[in-house]
Structures are given as C-alpha cells and as structure tokens.
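Each remark here refers to the structure printed beneath this line.
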Amino acid sequence: FEISALQWKFSSSKLLVIGQGFKEGCLVRINGVPVPKVKLKRGFGGNDIAVVTGGAALKACCPKGEMCSSPSITRASPL
C-alpha cells in the first residue's frame with residue numbers, strides 16, 4: 001500500500017487517505033493507533049481513497065491545528 005496524500009475535512013470530521021493499492025478490510029493507523037471506521041472509494045486517476053470517520057475518537061488522533069503524523073495503511077489481520 002502506498003499513501004500519497006492526506007486531506008482533513010474538519011467540517012465533517014473525516015480524514016481522506018489517498019494512495020494506491022488499498023483493499024477492503026485494510027486498517028488505517030495514525031501514530032500507531034487504529035482509527036475507528038474506514039470506507040474505501042475509488043478516486044480520480046486510479047487513486048484509492050480511504051475515508052476515515054469516527055467523530056471524537058478520530059479528532060483525538062488528529063487534533064485541529066496539529067499535523068497527523070505517521071499515518072499508515074495495512075491489511076487487517078484475519079479474525
């Protein structure tokens with residue numbers, strides 16, 4: 001998986017993780033902490049977009065005015 005950009009949507013408390021090779025069941029982590037909810041979409045130019053939501057839990061990972069550091073996306077472990 002390759003992350004090329006992050007875009008934070010403060011008004012809707014969403015983090016867009018943009019890149020290539022994202023698959024269903026992937027896990028997004030910020031600072032090593034799994035984020036609450038991830039939905040995958042197909043973007044322009046063949047990019048994949050992981051739309052991360054989760055309200056207060058997501059805001060705690062990326063407080064307003066601070067950079068989200070160490071984002072990563074991996075395959076989720078099978079249950």
Side-chain angles (χ1 to χ4, degrees):
F1 302 112
E2 181 180 319
I3 296 173
S4 58
L6 297 174
Q7 186 175 17
W8 181 250
K9 302 287 190 180
F10 283 104
S11 60
S12 59
S13 297
K14 292 180 183 175
L15 176 67
L16 305 181
V17 181
I18 302 163
Q20 299 280 323
F22 303 168
K23 305 288 183 205
E24 280 301 322
C26 65
L27 179 65
V28 175
R29 295 178 188 267
I30 299 172
N31 296 328
V33 178
V35 293
K37 298 176 187 173
V38 178
K39 181 178 181 181
L40 295 182
K41 292 188 172 190
R42 195 80 171 144
F44 293 108
N47 284 323
D48 297 317
I49 301 173
V51 180
V52 180
T53 59
L58 178 59
K59 286 183 180 181
C61 291
C62 290
K64 191 171 185 176
E66 294 183 24
M67 289 191 66
C68 289
S69 61
S70 304
S72 65
I73 187 163
T74 59
R75 285 186 176 85
S77 300
L79 297 175

Without placing hydrogens or testing angles, list every side-chain donor-acceptor pair under 3.5 Å for residues 37-46, not counting sequence neighbours.
unit_1	atom_1	unit_2	atom_2	d
R42	NH1	G46	O	3.3
R42	NH1	D48	OD1	2.6

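- The backbone N or O of I18 lies less than 3.5 Å from a partner atom in the side chain of S4, making a donor-acceptor pair.
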**Study point:** Chi angles and distances behind the side-chain contact (heavy atoms from CB on, under 4.5 Å) call for F22, V17
**Key:** CA-CA 10 Å; F22 303 168; V17 181; 4.1 Å; yes
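- The distance from the CG atom of L15 to the CG atom of L6 is 5.5 Å, given to the nearest 0.5 Å.
- One finds the NZ atom of K14 at 11.5 Å from the CD1 atom of I49 (value rounded to the nearest 0.5 Å).
- Residues I3 and V28 fall within the same hydrophobic cluster, defined by Ile, Leu, Val, Met, Phe, Trp and Tyr side chains chained together at heavy-atom separations under 4.5 Å.
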